[in-house]
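This report refers to the structure that appears directly beneath it.
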Amino acid sequence: MYPEYLVAPMREDLTKVGFEELKDAEAVNQAIKSEGTVFVMVNSVCGCAAANARPAAKIASQNEKHPDRLVTVFAGMEKDAVDAARNLMLPYPPSSPSMALFKDGKLVHIIERHQIEGRPAQMIADNLIGAFEQYC
């Protein structure tokens, strides 16, 4: 676990643009398994989350067509919430940061860490926007 003062600005980076923070497994399961579309950002303290993933998620979330809900869990903090989200992302292995789109409780699109590292935020956002256009 990281000190809260360290992760607070990283949490706020997403919550200030409309992401809902999920802090326990029950909240994760209720959100993801609900009707409609849910975009999940697995946030992280790593550099690629700061430089690539969070900016991409923020850009994509402003697209005209976007998911019904924007939610986030924080790797290294709320373990039960993160484990619940990752269980719903199977068969993909745990990855932080990562992003997933669910429609009616089913995983329809995922971006793993290896697809985030070294890629510009706009390229990642374009990938997400394509998924939003298709599924939302």
Side-chain angles (χ1 to χ4, degrees):
M1 299 288 190
Y2 300 102
E4 183 57 38
Y5 72 86
L6 178 72
V7 301
M10 298 172 209
R11 292 181 191 274
E12 186 181 332
D13 198 19
L14 293 175
T15 59
K16 72 181 178 188
V17 296
F19 280 77
E20 174 189 356
E21 199 159 29
L22 305 177
K23 293 193 173 186
D24 60 51
E26 183 180 342
V28 168
N29 285 314
Q30 285 180 355
I32 293 175
K33 292 178 180 180
S34 64
E35 274 189 40
T37 51
V38 181
F39 176 59
V40 181
M41 166 78 194
V42 179
N43 205 348
S44 171
V45 298
C46 73
C48 65
N52 311 83
R54 286 193 301 271
K58 292 188 301 186
I59 293 167
S61 72
Q62 301 307 306
N63 188 55
E64 186 177 330
K65 252 187 156 176
H66 58 273
D68 300 317
R69 287 183 80 177
L70 306 168
V71 302
T72 181
V73 295
F74 207 108
M77 294 301 288
E78 293 80 28
K79 182 178 178 349
D80 291 342
V82 174
D83 288 349
R86 287 177 171 163
N87 283 337
L88 295 169
M89 294 177 192
L90 291 172
Y92 296 92
S95 178
S96 304
S98 62
M99 302 175 227
L101 180 63
F102 292 84
K103 183 168 186 169
D104 298 329
K106 293 185 170 75
L107 179 65
V108 294
H109 189 77
I110 190 163
I111 298 178
E112 301 173 87
R113 180 186 177 108
H114 71 88
Q115 297 166 302
I116 294 169
E117 289 177 307
R119 289 185 173 78
Q122 187 62 57
M123 181 184 286
I124 299 162
D126 290 344
N127 179 306
L128 291 170
I129 289 167
F132 294 175
E133 292 288 334
Q134 181 176 356
Y135 295 106
C136 298

Check your understanding: How long is the span from the CD1 atom in Ile116 to the CE atom in Met123, to the nearest 0.5 Å?
Key ->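 Output value for this atom pair is 13.0 Å.
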**Study point:** Distance in Å, Arg113 CZ paired with Ser44 OG, rounded so as to fall on 0.5 Å steps
**Key:**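 Here the interatomic distance stands at 6.0 Å.
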Can you name the side chain to side chain contact (heavy atoms under 4.5 Å, CB included) partners of [X], sequence neighbours left out?
X	result
Glu26	Asp24, Gln30
Val45	Tyr2, Val7, Met10, Phe74
Pro3	Tyr5, Leu6
Gln62	Val17

**Study point:** ILVMFWY network linking Met77 to Met41, side-chain heavy atoms under 4.5 angstrom
**Key:**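 No, it is not one cluster - the side chains of Met77 and Met41 are not joined through contacts under 4.5 Å.
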Taking every non-hydrogen atom, the tightest pair across [X] and [Y]:
X	Y	value
Thr37	Pro67	OG1-CA, 3.2 Å
Arg69	Ser34	NH1-OG, 4.4 Å
Cys48	Pro97	SG-CD, 3.6 Å
Ala51	Ala121	O-CB, 4.1 Å

Review point. How about Lys23: does its NZ atom have over 12 heavy atoms from other parts shown lying under 6.0 Å from it?
Key: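 Yes.
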Practice item. Please indicate whether Lys65 has more than 12 foreign heavy atoms, meaning atoms of other residues, nucleotides or ligands, lying under 6.0 Å from its NZ. Key: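 Check passes, neighbour count above 12.
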List, one per line, each side-chain donor-acceptor pair under 3.5 Å for residues 126-136, sequence neighbours excluded.
residue: Asp126; atom: OD1; partner: Gln122; partner atom: NE2; Å: 2.8
residue: Asn127; atom: OD1; partner: His109; partner atom: NE2; Å: 2.5
residue: Glu133; atom: OE2; partner: Asn63; partner atom: ND2; Å: 3.1

Not counting sequence neighbours, which residues clear side chain to side chain donor-acceptor pair (under 3.5 Å) with [X]? List them please.
X	answer
Glu4	Arg11
Asp104	none
Gln115	none

Check your understanding: Is the backbone N or O of Glu21 less than 3.5 Å from a side-chain atom of Thr72, with the two atoms forming a donor-acceptor pair by type?
Key ->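 Side chain of Thr72 to backbone of Glu21: no pair is present.
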Point to revise | Step-by-step side-chain contact (heavy atoms from CB on, under 4.5 Å) determination, Phe19 to Ser61 | key: CA-CA 9 Å; Phe19 280 77; Ser61 72; 4.2 Å; yes
**Study point:** Residue pair Glu117 / Cys46, side-chain heavy-atom distance below 4.5 Å
**Key:**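 Side chain of Glu117 against side chain of Cys46, heavy atoms only: no contact under 4.5 Å found.
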Check your understanding: Which residues, ordered by chain and number, are linked to Val28 in its hydrophobic cluster, where ILVMFWY side chains connect at heavy-atom gaps below 4.5 Å, directly or through other members?
Key ->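 For the cluster that includes Val28, the remaining residues are Leu22, Ile32, Val38, Val40, Val42, Val71, Val73, Val82, Leu88, Met89, Tyr92, Phe102, Leu107, Ile110.
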Practice item. Could you name each residue pair satisfying salt bridge (charged side-chain N to carboxylate O under 4.0 Å, His left out) that touches residues 30-45, not counting sequence neighbours? Key: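 Residue pairs with at least one partner in residues 30-45: there are none.
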Review point. Does any pair with a residue in residues 43-58 pass salt bridge (charged side-chain N to carboxylate O under 4.0 Å, His left out), and if so which ones, sequence neighbours excluded?
Key: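 Checked against salt bridge (charged side-chain N to carboxylate O under 4.0 Å, His left out) - neighbours excluded - the pairs reaching residues 43-58 are Asp13-Arg54, Asp13-Lys58.
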Practice item. Return each pair, listed once, that meets side-chain hydrogen bond (donor to acceptor under 3.5 Å, both in side chains) where at least one residue sits in residues 93-102; pairs must be two or more places apart or across chains. Key: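 Listed once each, the pairs are Arg86-Ser96.
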